[in-house]
Amino acid sequence: MISGILLFNQKGENLIFRSFRSDCRPRLADIFRIQVISNVSVRSPILTLGSTTFSHIRHENIYLVAVTKGNANAAVIFEFLERVRGLGKAYFGKFDEEAVKNNFVLVYELLDEILDFGYPQNTETETLKMYITTEGVKSERGIEDTSKITMQATGALSWRRSDIKYRKNEAFVDVIEDVNLLMSATGTVLRADVNGQIVMRAYLSGTPECKFGLNDRLTLGDTDTIGPSGNRAGTKATRAAAGTVALEDCQFHQCVKLGKFDADRIISFVPPDGEFELMRYRATENINLPFKVHAIVNEVNKTQVDYSIAIKANYGTKLFATNVVIRIPTPLNTARISERVSQGKAKYEPEANNIIWKIQRFSGQSEYVLNAEATLTSMTNQKVWSRPPIGLSFSLLMFTSSGLLVRYLKVFEKGNYSSVKWVRYMTRAGHYEIRSA
Amino acid sequence: MAVNRIRGAFAVPRKGETFELRAGLVSQYAYERKEAIQKTIMSMTLGKDVSALFPDVLKNIATQDLDQKKLVYLYLMNYAKSHPDLCILAVNTFVQDSEDPNPLVRALAIRTMGCIRVDKMVDYMEEPLRKTLRDESPYVRKTAVLCVAKLFDLSPAMCIENGFLEILQELVGDPNPMVVANSVTALVEIEEAAPETKAFTISPATLKKMMLALNECTEWGRITILTSLADYKAADVKESEHICERVAPQFQHANPAVVLAAVKAVFLHMRFVNQELSKSYLRKMAPPLVTLVSAQPEVQYVALRNIDLLLQKQPDILSKEMRVFFCKYNDPPYLKLQKLEIMVRIANEKNVDQMLAELKEYAMEVDMDFVRRAVKAIGQVAIKIESASEKCVNTLLDLIATKVGYVVQEAIVVIKDIFRKYPGYEGIIPTLCQCIDDLDEPTARGSLIWIVGEYADKISNAGEILTEFVKGFNEEFTQTQLQILTAVVKLFLKKPDESQGLVQKVLQAATAENDNPDIRDRAYVYWRLLSSDPEITKNVVLSDKPPITSTIQSLPPALLDTLINELSTLASVYHKPPETFLGQGRFGAEAMQKAAIEEQKELALENPIAADAAAAAVAGGPQQNNMENLLDIDFDGAAPASMVKQPAGGASGLEGLAGTPQRVASPAVGQAGNNMDDLMGLFGGGDSAPPPSGGANDLMNGFSGLDMGSSPAQQQPAKKTATNDDILGLF
C-alpha cells in the first residue's frame, strides 16, 4: 500500500518525509518536486512514473503526497490524505506550512500512529487525541489508563470510552444544509440540490444507545424494498404534501449500525463522546431556494458594462439570513466601477475581478437591488469575456432547504437518566451560482 | 568494521551543526537531549545526512519519555541500514520494551523492530513477535500481526519456519475486529508476494469470520475485507447472494473508499445471482455512486473514472442523474473533462435537451481543451441519439456563428461525423463553406474538404472552393493534401466536364512537386485508375461508406472485464491494465534491460571485439546512472540500473537503452480520449510484437487517409503520436 507520506511547501521544500516501506527513498522527494511542483503543466492529482505513483492533494500552502508502488487502491489513498488534512486541522487549527514546521514532531507521531506498514489504522480524531497530544504522553500516565486507551482504539466501539460521566446529560443536534444551485440566465433552475450533514455533540454518560428519527421517507433503493415503515405512499408530490422529505441517499458515521438501517430503516448508534458527524445526506426534490436572483448584465459597448442585479429573500418574514455576500464577476480589463445599492455595501475588488456586495442581515421576503456600471480600458487584443456565474454565500438559521426536520432522538442507557436534546437548523450556500446574460 | 566506523564517527570536526547536535545528544540535561534529537530529525527531513550521529542518538533510546522514544525509533528506522552493526545495541531495548506494562510501548517496539531492515535484527525478532502476537491487548496484537508481513518481506524462510503464517491464519478468527482486518491485510500481502505459500485461502469458516468483522471494524479494515471478498470466488450462487446481502449495507458508509470497495464486491458477486436480485442491487448502488460526486475533487476524480467503467458495463444505472454531472465553474479541469465523458454516456432521449443547453454553455467558456471537448460531446450525442441530431446540428451552427476560431474548427470536425451518419443536412454546407478562411488546423481543413468532395454534386461552387485549395497545395499539411487530392478526384468523377483541368493540376502537383511518398503513391493510384476506366474508378472512389454507429469511445470488452476487477485502484483511474503502466514485467524496463544484456552476451560469443566496445558503452551507462541520476526511482541496492528512470527531457546518453521513462500522466488530462488509442496501440502490438512506433503510426495515419478519416484514432494524430511516443518510447 502506501510506501511513504511526504509534505511539501509551495516552493517544493520537503517538510515531512516519512517512509513506511523500504521502497520509498529520499530521492523521491526531488522527483516529486521536479515533476509536479515545478511542472506547471501538471493538472492531474495522480502521476505514475515507472512503478511509482505520486498522489497528491493541496491544502492551504502545502502539498500532501502519498507515494505508492504497484496498482494501489486510489480511493483509499486520496481518502486517507483527506483524513490527514482533517487531522491536521483538528490538531493545529490551521494546517499550513507554519503549523507543520512548528509541530513536525507531532506530525511524525501522528503518521506513525495512523499508518503501519503503509496500511491505514485508526484515524478517528477523538481517539487519537486521547494518546497523542501536543503536550506529549507521559509514561507515568498510568498503565491502566493506557490499556484502556488501546482497548478503545481497537475495540468494537473504537470511538467511545466506557467510563464517561456527565452531571447533566445533553445532546446537541445541528442540521446543516449546503444548498447548491445552478440557474441559467433565463431563470430556469438547471440544478438544485442539497448536501446536508447532521452534526451531533453528545455529552452523555455511560454507553448510550441512541435512536434517531427524521421526517423523511427513506427512498433508498426502491420504494418496494422499504421495510415495514414504507407504506408505498404513491407519488412524490403526495409525500411532500404529507410533510415528508425524500432523501436520495445518506451516509453514516461508522458508529451507526448499517445492518440495522438496511433491514429496518432505523438509525441506531452508540455515539462517540463530543462532536462528530452523524450522517450526510443528499436531497434533490422540492428544494426551497432561499434566494432568487435576477441579473441583467449588459455589455453596452467595448468600454462599458451595465449591471442590474436584484435579489429577493424567499423565506418567512420572521427569519433572517446573515453574512449574505454576492460576488458579481467583472471583465478582466475593468478600470472603474460605479455602483449603487439599496441595502448593504458593495465594493469592487480588482484583484479578484469581482464586485462584492455584502448584506449583513437580510430579512425574509425583502428585496434589494444593485446597479453598477463598469468602465473598461480598451485592450489591443480583445479577448472574449467568458462571463463567470454570479456566486452567492449566506447562512440562514432555522431553515432547511430540503424541508428536513428531526422528529426524535431517543437515548437509552442502563442508568436510565433523562437527557436534554437541542436541535438547530441551518442552511448555507454551497455552490449557489447564477449565470448572467 | 564497526570499530572503524565508530572511530571515524568520533573523528569529525569540533564545530558545525553536527558537532552541536552531538553535544546536545550527550548532554547531561534531559531536555537538551530531547531538543537535540528533535533537531536531528529536522535535519534528517531536510535531507541532510545525519547518520554520523547514530551512536549518540542510540544512547538516548532507553528513556521513559514516549515522545523521545518515538523520535529515536524514527531515526533508527531511517539510518539502520547505514549502521547495521550498531543496531544490535538497540535490540535489548526493543526486547525490553516489548514486555513493557504499557501496551502503547509494547506496540511501538514491535512496530519499529519490523521496520529496521537489518538481517541481524531478524534473529532477535522471533521471541518478541511470538509473544506480542499472543498479547492480551488487541492494540498490540493488531500491530504484531502487521509485523509478520514486515518480517516475511525480510526473511520469508524464517517466517515460515517459525510458524508465523499459521498463527496469522488463526488470528483471522480473533475476537477483535481490528486484529481480524490487519490479519487479512497481512495475509493478502504475503500471498501476493509469494503465492506459493498459499497464505490466504478463504474457507467457509474464514468467510464467516470476515463477514462478522465487516460490520464492526474500522473503516480501513472494512476496505481490506471488502477487497478480499471481491477477489474471492464464491463456491455457489447462495454464497454470492450471501456476500451481496452482507456487503450492500456498506453503501451507506461515510468513507467514499468503503463505498467504492463495497460497490466493487457487490458488482462482482452480483453476476452470479438471479437477474431480479442483481437489478435491485444496481438500483441500490446508484445513489451512493452519485453521492461520491460531491466528495473532494481528488476522490471525486477516482469515483468518476470508476463510474465511467461501471457505465460501460451497465449503461443504464445512472440515466436519471444527468444533472449531478453538470460541471461547476470552479471544478478543476480534470474533473470537467471526465464529467463531460460521463454526460455523453448517460445521455438519452429524455435528458438530451437539458444536456445540450448545458453543453452550449460550456462551449462559451474560455478553457480551450474543455470547450473543444464540449463541442465534441455535442457531436457524439447527435450520433448517439437520432432524434436529437437536428437540435445538435442547430446548436453547432449557433456555435459556428460565434466565429471563435477553435470552436468553429472543432464544430466542423464534428459535423463531418454527423454527415457520415445522417444524410439530409446538405443544407448547411454553404454556412460551413463560409468559414473556410478561419480554419488553420489540418483536421478541420481536412474535414471541410472531405465534405466538399463528398457533396461536390450538390455544392454549386465546389469547383471554385477546391481550386483555391489546389492553388496552395504545396503549403498544406500532409493530411490536408491527401484530402484535397481525394476531394478533387471525387469532384472530377461527379462533374467531369468542369474540373478536368483541376484534377490534372492536382495530380501533377502531387506527383511531380511533392516529395512525400504517401501523397505521391495515392496520386499515382488515382491517376492509373482514372486513365483506365472511369466506371471502375467510380466504384472505388465513390463507393458507399459504412455509416458510423458511435463516436463514443468504449473499452474493448476483454479489457473492460479486467478493469472491473480492478475497481477503485490506479488501473481503474488510468483505464489501463496494471502491467501496462507500472513499468514492470513484460513491458517493463527491467525486462528490456535483461533482454539487452542477453543480446550483449550473444554478441560477445560471435564477435568479441565489437562486443567489448558495446559493453563498455552499456556498462558505463547504468553504473554511472546509479550514482548520478536523480531519477532512479527504483534504485535499490539489489536491483542496480534495472529500473533506471530518466526525466522526459533529460538527456543522459541512455535513451537508446532500456531506461527511458514510462510517463503516465493521468489520462483525462489534455486530450481526453486519446488514452484509448494508446491502449489499442499497446494491445494491437499484442503479446509478441512490440507496438508500432510513433513513426509507424504517422504512416498509418497517412494511409488511412481521410476517406474513412473520422474514426477517433485519426482525429488528433499530432497529439496522439506525442502520447504514444511517451509510452512507447520504451521500445
Side-chain angles (χ1 to χ4, degrees), chain A residues 16-17 22 26-27 30-31 43-53 57 70-76 78-79 82 105 108-109 116-117 119-120 122 136-137 139 143 146-147 150 153-154 156 158 182 191 195 221-222 248-254 258-259 262 280 282 386 388-389 431 433, chain B residues 38 45 64 66-67 70 74 101-104 117 137-139 142 146 150 176 178 185 215-216 218-220 223 249 252 254-257 260 283-284 287-288 291 294 296 298-299 302 323 326 328-329 333-334 365-366 568-571 573 578 581-584 630-631 633 645 664-666 669:
Chain A
I16 295 284
F17 184 96
S22 53
R27 284 167 179 184
D30 297 322
I31 297 169
R43 297 159 88 186
S44 157
I46 309 182
L47 175 72
T48 299
L49 290 164
S51 62
T52 308
T53 301
I57 64 173
N71 187 23
N73 188 327
V76 169
F78 282 121
E79 186 57 25
E82 235 13 273
V105 173
Y108 274 122
E109 254 185 81
D116 190 5
F117 205 37
Y119 293 102
N122 197 333
V137 183
S139 298
I143 287 129
T146 50
S147 43
T150 54
T154 53
S158 64
L182 184 60
R191 170 182 178 185
N195 285 328
D222 204 33
E248 286 293 306
D249 183 31
C250 34
Q251 258 103 39
F252 297 102
H253 185 268
Q254 55 172 327
L258 294 178
D262 197 53
R280 263 182 277 160
R282 212 154 44 75
S386 76
H431 289 265
E433 294 180 345
Chain B
Q38 292 192 356
T45 305
Q64 285 300 305
L66 201 54
D67 270 354
K70 281 183 183 168
L74 182 65
N102 184 343
L104 285 176
R117 303 176 55 84
S137 163
Y139 181 80
K142 70 117 182 158
L146 277 182
K150 294 177 193 170
N176 184 293
M178 191 131 171
T185 309
N215 279 317
E216 288 172 357
T218 64
E219 42 199 337
W220 310 109
I223 297 169
Q252 255 64 55
N255 183 331
L260 265 180
R283 270 200 301 269
K284 258 192 178 171
T291 303
S294 51
Q296 306 81 4
E298 294 85 7
V299 179
V302 175
R323 284 161 188 244
F326 284 0
K328 299 197 178 103
Y329 187 75
Y334 57 88
E365 286 194 24
V366 279
S568 105
T569 64
L570 288 172
V573 176
F581 66 88
L582 282 176
Q584 274 167 345
L630 273 180
L631 284 169
I633 297 185
K645 300 290 177 285
V664 188
S666 209
V669 180

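Chain A is the first sequence line, chain B the second, and so forth, proteins listed ahead of strands; every chain is numbered from 1.
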Rounded distance (nearest 0.5 Å) linking atom [atom1] of [X] with atom [atom2] of [Y]:
X: L49(A); Y: F581(B); atom1: CG; atom2: CZ; value: 12.5 Å
X: F78(A); Y: Q296(B); atom1: CZ; atom2: CD; value: 11.0 Å
X: E109(A); Y: D67(B); atom1: CD; atom2: CG; value: 4.0 Å

So, for [X] and [Y], which heavy atoms are closest and what is the spacing to 0.1 Å?
X: P249(B); Y: L258(A); result: O-CD1, 3.7 Å
X: G70(A); Y: L570(B); result: O-CD1, 3.6 Å
X: Y334(B); Y: S44(A); result: CD2-CA, 4.1 Å
X: M178(B); Y: N122(A); result: CE-N, 3.8 Å
X: Q252(B); Y: C250(A); result: CG-O, 2.9 Å

Quick one: does [X]'s side chain get under 4.5 Å of [Y]'s, heavy atoms only?
X: Y108(A); Y: T45(B); result: yes
X: K150(B); Y: D116(A); result: yes
X: F117(A); Y: T185(B); result: no
X: E298(B); Y: E82(A); result: yes

L146(B), V302(B), T291(B): which one forms the most heavy-atom pairs within less than 4.5 Å of chain A?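 Result: the option with the highest number of such pairs is T291(B).
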salt_bridge(D249(A), K284(B)) N-O dist < 4.0 Å: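 No, no charged N to carboxylate O under 4.0 Å.
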Considering only heavy atoms, which portion of [X] lies under 4.5 Å from any heavy atom of chain B: side chain, backbone, both, or neither?
X: P120(A); answer: both
X: R191(A); answer: both
X: N195(A); answer: side chain
X: L182(A); answer: side chain

Under 4.5 Å, counting heavy-atom pairs only, tell me which of Q251(A), H431(A), R280(A), H253(A) racks up the most with chain B.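 Heavy-atom pair counts peak at Q251(A).
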Between N71(A) (side chain) and A571(B) (backbone), is there a donor-acceptor pair under 3.5 Å?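 Pair found, side chain donor or acceptor close to backbone of A571(B).
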Got a donor-acceptor contact below 3.5 angstrom from the R282(A) side chain to the S294(B) backbone?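 Judged by distance alone, no pair lies under 3.5 Å.
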Do S568(B) and N73(A) meet the criterion of a side-chain donor-acceptor pair at a distance under 3.5 Å?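 Side chains of S568(B) and N73(A): pair found under 3.5 Å.
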